[in-house]
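Everything below concerns the one structure shown next.
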There are 2 protein chains.
Amino acid sequence: MAKSSVSKLVPKVPPLPSVPGMSRRQQFSASTKKTLVDVAERLFTEHGYASTSLDAIVAGAEVTKGALYHHFSGKQALYEVVFEKVEAATAQSIDAAMRETKDPWEQARAGLRTFLQAVQQPTYRRIVVQEGPAVLGYQRYREQEERSTFTVVEDIVAAVLRAGDRTVDDEMVATFARLFFGAMSAAGESVTEASNPEDAAERIELAVTYLLTGVQTLAKQGVRVEDMR
Amino acid sequence: MAKSSVSKLVPKVPPLPSVPGMSRRQQFSASTKKTLVDVAERLFTEHGYASTSLDAIVAGAEVTKGALYHHFSGKQALYEVVFEKVEAATAQSIDAAMRETKDPWEQARAGLRTFLQAVQQPTYRRIVVQEGPAVLGYQRYREQEERSTFTVVEDIVAAVLRAGDRTVDDEMVATFARLFFGAMSAAGESVTEASNPEDAAERIELAVTYLLTGVQTLAKQGVRVEDMR
DNA sequence: TATTGGACATACCGTCGGTATGGCCAATAC
DNA sequence: GTATTGGCCATACCGACGGTATGTCCAATA
């Protein structure tokens, strides 16, 4: 095709808002890396890990495998970066929701509600809940979790538990947190697959509230976890 | 190597205890199919789905890919058969444990305890909990679950809930069951990865007992799930 | 201006899931 | 007993994909 005006086609790519303290070269590099992560996040979410080829990712990012393997050591490493990004975003959103109120009980409800919402997001469901353990292996999965979302849930659970029973130790708190975390993860799937997601979400909240109310009631009666032995 | 006695090497393979109503040919066929499933179960458990090649499976079963593809439509189909086998065995063991007592509350405890044990078995953990959703896709995973283990858990939860609150509907029961199922699945991982599995298992039982006791207490006070709205 | 090294592109390899084809032999018909 | 058929499986091969080796270009620095 014959182009009339000779040059100046390249500059139409936005001039990359010059970040201070970063050379043009570094900016380009960071840009392609970010693009790769974003495209990968989208494709992994849509088609899953196994069904997403590196060729598809680099095509989407308009680069080649050379670029990908320059920035990441392989497919799994790329997945891991995407995973961390998704987890961090989720943990942050929960954190933000909790900051909106000061009452501990309300904070807990807000946090759990936000977690329940997050766990319904296609990206979080697919990348973290559904495929995370299988792709990363359970060990790495746990390590990642423990540095973000799970810790937030653990804090919530700790606050609720210790409000009624000050004698529970850290390990017991972690145990309850595991149970709740697992329960909420499963709940997310349940809600999303339901014919009426709104109703399903409400039922989940009802059930969780019922369980937590039970815990509160026991605490008021002076029944401690240790008494269950 | 020089073998002195000439023939009769083949018959050393056990004569395949002739099953009545099945021709020799059919018996051989069933045998190779079962062998394939067993070998696949072992390798999938040890190395995971992606890292287990069909070549390794057929080598372990001492057949070729021709045999495998004669009995199964592909790798995933083979996995599915293994999955169902593992699930069925687990559901059955829980069922058996519950039959040992008649008291509903004791049945529930026994059932949940057995489930907690099952979820620690390497085979169940790897094939069902960790990789099941990713390999089968969450849809098929749910469908399979609903036909075996989940249903058992659901029955347990239903019995416990309805003992105190007769007004809960089926959907609410299913919701509680989802939460408990997810909680126990996560608990299994937690227990297995713990430095001291016995202690971890005990903590899980304590926590679950505490939650269930809370539910019972609410029920005794006439507090129903519906009252949480 | 010369040089260096980071940021890619290109070509290629090995593995693996899946397919196409053919052979063997027990079961059935005659 | 012989012929024929079809279930059961082996062998050879293909294409896709993850990963690697090598080369190129150009901005940054000396």
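The chains referred to below are lettered A, B, ... by the order of the sequence lines, with proteins before strands, and numbering in each begins at 1.
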Atom pairs and distances, side-chain donor-acceptor, residues 50-60 of chain A, under 3.5 Å, sequence neighbours left out:
unit_1: A:Thr52; atom_1: OG1; unit_2: A:Leu43; atom_2: O; d: 3.2
unit_1: A:Thr52; atom_1: OG1; unit_2: A:Gly48; atom_2: O; d: 2.6
unit_1: A:Ser53; atom_1: OG; unit_2: A:Ala56; atom_2: N; d: 3.1

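By the ring-ring contact (aromatic ring centres under 6.0 Å, His included) test, A:Tyr69 pairs with no residue at all, sequence neighbours left out. Residues passing the ring-ring contact (aromatic ring centres under 6.0 Å, His included) test with A:Phe176, sequence neighbours excluded: none. For A:Ser185, the side-chain hydrogen bond (donor to acceptor under 3.5 Å, both in side chains) criterion is met by no residue, not counting sequence neighbours. Applying the salt bridge (charged side-chain N to carboxylate O under 4.0 Å, His left out) rule to A:Glu41 yields the partners A:Lys85; only residues at least two apart in sequence or on another chain are considered. Annotation: ring-ring contact (aromatic ring centres under 6.0 Å, His included) contacts of A:Phe72 (sequence neighbours excluded): none. By the side-chain contact (heavy atoms from CB on, under 4.5 Å) test, A:Thr35 is found to be paired with A:Ser31, A:Val39, A:Ala61, residues two or more places apart in sequence or in another chain being considered.
If you check residues 39-54 of chain B against DNA chain C, the residues with a heavy atom closer than 4.0 Å are B:Thr52, B:Ser53, B:Leu54, listed by number. Near-neighbour residues of DNA chain C inside residues 72-79 of chain B, defined by a heavy atom below 4.0 Å, number-ordered: B:Gly74, B:Lys75. Within residues 58-65 of chain B, the residues that place at least one heavy atom under 4.0 Å from DNA chain D are, in residue-number order, B:Val63, B:Thr64.
Residue pairs meeting the ring-ring contact (aromatic ring centres under 6.0 Å, His included) criterion with at least one partner in residues 109-130 of chain A, sequence neighbours excluded, are A:Phe115-A:Phe181. Counting only residues at least two apart or in different chains, side chain to side chain donor-acceptor pair (under 3.5 Å) contacts with residues 189-207 of chain A comprise A:Arg113-A:Glu205, A:Arg125-A:Glu189, A:Arg125-A:Glu193, A:Gln130-A:Glu189, A:Glu193-B:Gln139, A:Asn196-A:Asp199, A:Glu202-B:Arg229, A:Arg203-B:Glu171, A:Arg203-B:Thr175.
Between A:His70 atom NE2 and D:dG19 atom C1' there is a gap of 17 Å when expressed in whole angstrom units. Per the geometry, CG belonging to A:Leu68 stands 13 Å off C1' belonging to D:dT20, to the nearest Å. In this entry the distance linking OH of A:Tyr69 with P of C:dC12 reads 18 Å, nearest Å. B:Asp55 places its CG atom 14 Å from the P atom of D:dA12, with the value rounded to the nearest Å.
No side-chain donor-acceptor contact under 3.5 Å links B:Tyr141 to the backbone of B:Val129.
Between B:Thr32 and D:dC9 there is a side-chain polar atom (N or O) within less than 4.0 angstrom of OP1 or OP2. Note on B:His71: every side-chain N or O is 4.0 Å or more away from OP1 and OP2 of D:dG7.
Judged by a 6.0 Å distance limit and a 45° cone about the ring axis, B:Arg140 is not positioned over the six-membered ring of B:Phe83.
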